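In this text, all values refer to a predicted model and were calculated from it rather than measured experimentally.
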Amino acid sequence: NAQTLASMQALTPAQLVAMVETNYGKAIEWVETVPDDQLSANKTFAQMTMPASELLANIGVLHANHHLYEAALRVAF
C-alpha cells in the first residue's frame with residue numbers, strides 16, 4: 001500500500017479522477033457479464049449472508065468510497 005500511495009502522490013486531482021473512473025469502468029464491465037442467477041444467489045462474507053449483488057455493492061462501491069473520503073480527510077487536515 002505504501003508504495004502504491006507514494007506513486008500516486010505526484011498525480012494531479014484530474015489524473016486521480018481519471019484513474020478512479022477507469023477502474024470503476026472495468027469493474028462495471030465485469031459485473032455486467034455476471035449472470036443474474038449468480039448475482040441473486042446468497043453468499044456469506046464476514047459472517048453476513050446477502051445476495052452477491054449486495055456484497056459486490058458493499059465491497060466494491062461503499063468500501064472504495066470510504067477510502068476516497070479517508071484520503072480527502074488526510075489532505076484537508
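Each side chain to side chain donor-acceptor pair (under 3.5 Å) pair with one or both residues in residues 42-56, not counting sequence neighbours, appears once here: T44-T49.
Contact annotation: the side chain of N58 never approaches that of M48 to less than 4.5 Å [non-hydrogen atoms, C-beta and beyond]. Side-chain contact between I59 and F45 is present, with at least one heavy-atom pair separated by less than 4.5 Å.
A donor-acceptor pair is defined here as one N or O able to donate and one able to accept, closer than 3.5 Å; such a pair exists between the side chain of Q15 and the backbone of T12.
D37 CG: more than 12 foreign heavy atoms inside a 6.0 Å radius.
For P13, the side chain to side chain contact (heavy atoms under 4.5 Å, CB included) test picks out no residue, with sequence neighbours left out.
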Which donor-acceptor pairs under 3.5 Å do side chains of residues 17-31 form with protein atoms, sequence neighbours excluded?
{"residue": "T22", "atom": "OG1", "partner": "A18", "partner atom": "O", "Å": "2.9"}
{"residue": "N23", "atom": "ND2", "partner": "M19", "partner atom": "O", "Å": "3.4"}
{"residue": "Y24", "atom": "OH", "partner": "N65", "partner atom": "OD1", "Å": "3.4"}

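Taking all atoms of both residues into account, the shortest heavy-atom contact from P51 to S40 is CB-O, 4.0 Å.
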